[in-house]
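Right, one structure below, let's go through it.
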Amino acid sequence: MKKDTHNFIQEYKGLGAFGLDRKTDEETIMFYLQKFSEDSFLKVLLPRLSDLELEEIYLFINDKLKSHLSEDEYHSLFLKD
């Protein structure tokens with residue numbers, strides 16, 4: 001059974017702009033992250049990143065997860081344990 005979803009991107013009709021208002025900002029980030037996480041895109045991008053850039057991305061994401069999710073949320077929502 002498939003656990004991961006990217007449903008938002010399939011139906012999004014919003015502006016895709018940042019800085020207008022909080023709702024549009026959140027939608028734009030969701031749009032960008034779902035596009036960013038596509039396998040075909042990452043297969044091109046990741047080999048082009050330096051070791052430092054890979055580490056920076058990992059540490060940024062890990063920091064946000066630790067700052068904004070409980071341990072249970074991390075496991076159920078992010079890891080889908």
Under 4.5 Å between side-chain heavy atoms, counting indirect links through other Ile/Leu/Val/Met/Phe/Trp/Tyr residues: same cluster for [X] and [Y] or not?
| X | Y | answer |
| --- | --- | --- |
| Ile9 | Val44 | no |
| Leu45 | Ile57 | yes |
| Ile61 | Leu49 | yes |
| Leu79 | Leu65 | yes |
| Phe60 | Leu33 | no |

### Query
Can you tell me how far NZ of Lys43 sits from CD of Glu38, rounded to the nearest 0.5 angstrom?
11.0 Å
### Message
Measuring from atom CG of Leu46 to atom CD of Glu53, what distance do you get when rounded to the nearest 0.5 angstrom?
### Response
10.5 Å
### Message
Does Asp51 have more than 12 heavy atoms from other residues, nucleotides or ligands lying within 6.0 Å of its CG?
### Response
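Open: at most 12 neighbouring heavy atoms sit under 6.0 Å from CG of Asp51.
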### Message
For Lys80, I'd like to know if atom NZ has over 12 heavy atoms of other residues, nucleotides or ligands within 6.0 Å.
### Response
yes
### Closest approach of Pro47 to Leu42 (non-hydrogen atoms, all atoms of both residues)
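Looking at all heavy atoms of both residues, the closest pair is CD-O, 3.9 Å.
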### Task
Measure across Thr24 and Leu20 and return the closest heavy-atom pair with its distance rounded to 0.1 Å.
OG1-CD2, 4.1 Å
Would you tabulate the side-chain donor-acceptor contacts of residues 70-78 under 3.5 Å, counting partners in other chains and residues two or more places apart, or write 'none'?
from  : atom 1 : to    : atom 2 : distance (Å)
Ser70 : OG     : Glu73 : N      : 3.1
Ser70 : OG     : Glu73 : OE1    : 3.4
Glu71 : OE2    : His75 : NE2    : 3.1
Glu73 : OE1    : Ser70 : N      : 2.8
His75 : ND1    : Asp81 : OD2    : 2.4
Ser76 : OG     : Asp72 : O      : 3.0

### Sequence neighbours excluded - ring pair (Phe, Tyr, Trp, His ring centres under 6.0 Å) pairs with any residue from residues 20-50
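Found Tyr12-Phe31, Phe36-Phe41.
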